[in-house]
Amino acid sequence: MESTSSNVGYACINLSLQAEKITTNRGMIRKTFLTKGIGYASELALKNVTDLLKIIDWNLENGFRIFRMSSDIFPWASEYKLAELPDFPDIRATLEDIGTRPIRLTVHPGPFNHLAGQGSVLDNTIKDLEYQSELFDLMGLTPSHWNKINIHVGGTYGDKEATLIRFAQNFNLLSAGLRARLTVENDDRVSLYTVEDLVPLSETIGTPIVFDYFHHSLNPGSQTEEEAFLTAYNTWDVRPVFHFSDSRQNHEDSTARREAHADWIYSPINTYGKEVDIMVESKMKELSLLRMRGITVTV
DNA sequence: CTGGGTCAAGTCCAC
DNA sequence: GTGGACTTGACCCAG
């Protein structure tokens, strides 16, 4: 459901509720899945979805109107169809309930998704992404970039441009709903993709670019932050979602990897006069946003 | 009940 | 060449 002004949200985990065992990350290792099968997967999925609704309602009560869902709500989702789960009727009813809430939901599927990949890598990617899209369908949400399914290109295979062309070709293998939801994000390492690198892809397949401020700072290419921000901004057909985090190395632990995210947020977020939604990626989750409130509002 | 070892997936990179 | 990291550590079991 669309809201009319900029929002700030966080990803996957609510630390306040996690302390009360309210979580959407219940899963199992392979051995357990092989022993217990989809009956147990169904049980965990129902608990995850039930808790997802609780987290969403907590968000609304606390003024958070955008949230990134975990990609692991359904354990071993690639191994069955959702409708096969014994608890599917309850799961579906809960997802429908979630779909009525006035909050912008997004997902960021795992780093194993490589749409430019080949063979089983590509097959697994399509399966995973389609399942994420099906979740939004079950929530009754019309396919659009409002509920983005955001991924990285995931690798260059030794040839950045050829890989983007393969990504664009494989994009045509996806369902219409998934194509309407997919977005791509700039990478944090210089061997991978800057915002500028992703522009031709975006122009070819109409997929908006998610601008990640921190990744840009580590891999700016030839653009300033403002230029990359505006380049990405102009690829969107709804209000963008951009990612923000601070550097752990600069703010908390000088020995940390340069790509590591800080626990908290220290810097103001410059949105260059534009209305955008901000997905904050900090280890302290909603706590960092509560602490940030009133200090760094420059939207 | 907890600490430690282990855990689906692909790619890149530091060691 | 191995292991860690990635959008998020969680699961399992021996003790």
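Remember, predicted model here, so these are calculated numbers, not experimental data. Numbers restart at 1 for each chain; the letters A, B, ... are given by sequence-line order, proteins then strands.
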Whether A:Q249 side chain and A:A256 backbone form a donor-acceptor pair below 3.5 Å
yes

May I have the distance from A:L218 (atom CG) to B:dC13 (atom C1'), rounded to whole angstrom?
14 Å

Smallest heavy-atom separation, A:D246 atom then A:W264 atom, equals CB-O, 4.0 Å

Could you give the NZ-to-P distance, from A:K31 to C:dA14, as a whole number of Å?
8 Å

Of the candidate nucleotides B:dC12, C:dT7, C:dT8, which contains the atom at the shortest distance from the side chain of A:L192?
B:dC12

Do the non-hydrogen side-chain atoms of A:E196 and A:S222 ever get within less than 4.5 Å of each other?
yes

Here's a test of your reading of the structure: between A:A11 and A:Y40, which maps to the more 5' nucleotide of DNA chain C?
A:A11

So, A:R26 and A:D51, do they make that salt bridge, N to O below 4.0 Å?
yes

For the backbone of A:L52 and the side chain of A:T24, can you confirm whether one donor and one acceptor N or O come within less than 3.5 Å of each other?
no

Between B:dT2 and C:dT8, how far is it from one C1' atom to the other, in whole Å?
23 Å

Atom CD1 of A:I151 and atom C1' of B:dA9 are separated, to the nearest Å, by 14 Å

Whole-Å gap separating P (C:dA10) and CD1 (A:I29)
15 Å

On DNA chain C, check which nucleotide each of A:L44 and A:R257 is closest to and give me the residue with the more 5' one.
A:R257

Closest to the side chain of A:S191, out of B:dG10, B:dC13, C:dC12, is B:dC13

Would you mind classifying the nucleic acid contact of A:Y157 as base, sugar-phosphate or nothing, using non-hydrogen atoms under 4.0 angstrom?
sugar-phosphate

Between C:dC12 and B:dA8, how far apart are the P atoms? Round to whole Å, please.
10 Å

Indicate whether OP1 or OP2 belonging to C:dT7 is found under 4.0 Å from a side-chain N or O atom of A:H215.
yes

Proximity to DNA chain B (any heavy atom under 4.0 Å), residues of residues 67-83 of chain A only:
A:W76, A:S78

Does A:Q18 place a side-chain N or O at less than 4.0 Å from the phosphate oxygens OP1/OP2 of C:dA10?
yes

Of A:N234, A:T235, A:L201, which is the lone residue that meets side chain to side chain contact (heavy atoms under 4.5 Å, CB included) with A:I209?
A:T235

Look at all strands and tell whether A:G110 reaches a base, only sugar-phosphate, or nothing, counting heavy atoms closer than 4.0 Å.
base

Closest approach of A:A228 to A:Q223 (non-hydrogen atoms, all atoms of both residues):
CA-OE1, 3.4 Å

Using the P atoms only, state how far C:dT7 lies from C:dT2, rounded to an integer number of Å.
26 Å

Contact class for A:T24 vs. all strands (heavy atom < 4.0 Å): base, sugar-phosphate, or nothing?
nothing

Checking N1-N3 plus N6-O4 or O6-N4 for Watson-Crick, or N1-O2 and O6-N3 for wobble, each under 3.5 Å, the partner of B:dC7 is C:dG9

Measuring from the side chain of A:M28 (C-beta onward, heavy atoms only), which nucleotide among C:dT8, C:dT7, C:dC11 has the closest atom?
C:dC11

Checking A:H145 side chain against A:A180 main chain: does a donor-acceptor pair fall under 3.5 Å?
yes

A:R30 has a side chain; which of B:dA8, B:dG10, C:dC11 sits nearest to it?
B:dA8

Using OP1 and OP2 only, check whether a side-chain N or O of A:K283 sits under 4.0 Å from C:dG9.
yes

Between P on C:dA5 and CZ on A:R258, what's the gap in Å once rounded to a whole number?
16 Å

Does A:F112 stack onto the base of B:dA9, taking stacking as ring centres under 5.5 Å apart and planes under 30° apart?
yes

Would you call A:R257-A:D188 a salt bridge at under 4.0 Å N-O?
no

Distance, rounded to the nearest Å, where A:H152 contributes NE2 and C:dC6 contributes C1':
8 Å

Could you let me know what C:dG4 is paired to, Watson-Crick or G-U wobble, both distances under 3.5 Å, or none if it's on its own?
B:dC12

What is the separation between atom NZ on A:K47 and atom C1' on C:dA10, rounded to the nearest whole Å?
15 Å

To the nearest Å, how far apart are A:K127 NZ and B:dG10 P?
13 Å

For B:dA9, does OP1 or OP2 lie under 4.0 Å from any side-chain N or O of A:N124?
no

When the C1' atoms of B:dG3 and C:dC6 are considered, how many whole Å apart are they?
26 Å

